[in-house]
Amino acid sequence: MLPTDEWLAQAEELPMGRRSRVDHICGGGRTMLVEHKLEGYSAWCWRCSDKGWQPHPQPSLAERIARLRAVEAAEDAAKAQRAPPAPTSYDPRDWPLKARVWLYTAGFNNDTIQAHGFYYAAGLDRVVLPVFDDGRVVYWQARGFDPQRPKYLNPDCDKPLAHFGNSGPLVLTEDILSAARVGLAGARGC
């Protein structure tokens with residue numbers, strides 16, 4: 001097991017969900033991978049095949065309840081607004097891994113994600129999918145990744161009829177992401 005003084009400080013500098021290759025004392029070259037995960041910090045050295053793990057400290061029950069109430073209040077406030085939540089980043093490379101992978105596995109790349117105006121809202125820890133009509137946002141949906149919270153968050157308003165794509169046959173879809181995928185395929189997803 002790698003001693004924490006060999007790697008932990010470098011892992012703690014990383015934002016949540018990020019990893020980096022760094023030097024290790026076993027020799028030159030960036031042979032050690034350090035990562036900041038949801039559960040804690042990890043390290044793996046490719047040269048000496050040693051690993052390290054440091055879990056995040058567990059919050060107290062009072063801290064967990066306060067966090068849950070704050071998350072619920074933020075979600076309720078976001079749903080009450082017709083305007084989408086404030087963006088944190090439009091560049092998927094700056095998002096947590098789980099948020100990027102969700103869109104990548106749906107067939108989107110960084111360029112198409114940005115072209116659709118999808119973004120990450122860190123305050124809600126969600127990817128926001130805005131729906132545009134004539135250049136203005138008419139609706140939005142936010143996808144979360146915490147299994148203890150609702151997967152989707154929508155504003156408390158009537159859903160407008162909107163479509164993704166400008167030509168081809170009209171295809172009715174179940175959700176916003178599917179409509180955007182149909183638009184990528186050359187049809188109009190609705």
Check whether more than 12 heavy atoms from other residues, nucleotides or ligands sit under 6.0 Å from atom CZ of R47, and answer yes or no. yes
For atom CZ of R100, is the number of surrounding heavy atoms from other residues, nucleotides or ligands below 6.0 Å larger than 12? yes
For E174, look at atom CD and say whether over 12 heavy atoms of other residues, nucleotides or ligands are found less than 6.0 Å away. no
Do N110 and Y104 pass the side chain to side chain donor-acceptor pair (under 3.5 Å) test, and can you show the C-alpha distance, the side-chain angles, and the key distance before you say yes or no? CA-CA 8 Å; N110 291 341; Y104 293 160; 2.6 Å; yes
Does one hydrophobic cluster hold both V131 and L184, with members joined at side-chain heavy-atom distances below 4.5 Å? yes
Exceeds 12 heavy-atom contacts within 6.0 angstrom, atom CZ of R67: no
Closest contact, heavy atoms only, R19 versus L33: CD-CD1, 3.8 Å
May I have the step-by-step check of side-chain contact (heavy atoms from CB on, under 4.5 Å) for W95 and I113, ending in yes or no? CA-CA 12 Å; W95 302 359; I113 290 169; 3.6 Å; yes
Side chains of residues 116-129: which donor-acceptor partners sit under 3.5 Å, not counting sequence neighbours?
from, atom 1, to, atom 2, distance (Å)
H116, ND1, T112, O, 2.9
Y119, OH, P85, O, 2.4
Y120, OH, D125, OD1, 2.4
D125, OD2, K98, NZ, 3.3
R126, NH1, A142, O, 3.3
R126, NH1, P150, O, 3.4
R126, NH1, K151, O, 3.1
R126, NH2, E75, OE2, 2.9
R126, NH2, P150, O, 2.9

Heavy atoms of L2 and E6 approach each other most closely as CD2-OE1, 3.5 Å
Quick one: do W53 and W7 end up in the same hydrophobic cluster if we chain Ile, Leu, Val, Met, Phe, Trp and Tyr together by side-chain heavy atoms under 4.5 Å apart? no
Can you check whether A106's main-chain N or O pairs, donor with acceptor, with R181's side chain at less than 3.5 Å? yes
Is there a donor-acceptor pair closer than 3.5 Å between any side-chain N or O of H24 and the backbone N or O of W46? no
Carefully, step by step, assess L14 and K37 under the rule side-chain contact (heavy atoms from CB on, under 4.5 Å). CA-CA 9 Å; L14 297 171; K37 299 178 180 181; over 6 Å; no
Of all heavy-atom pairs linking R149 and E72, the shortest is NH2-CG, 3.5 Å
Evaluation steps, side-chain contact (heavy atoms from CB on, under 4.5 Å), between Y139 and D133: CA-CA 9 Å; Y139 192 75; D133 186 25; over 6 Å; no
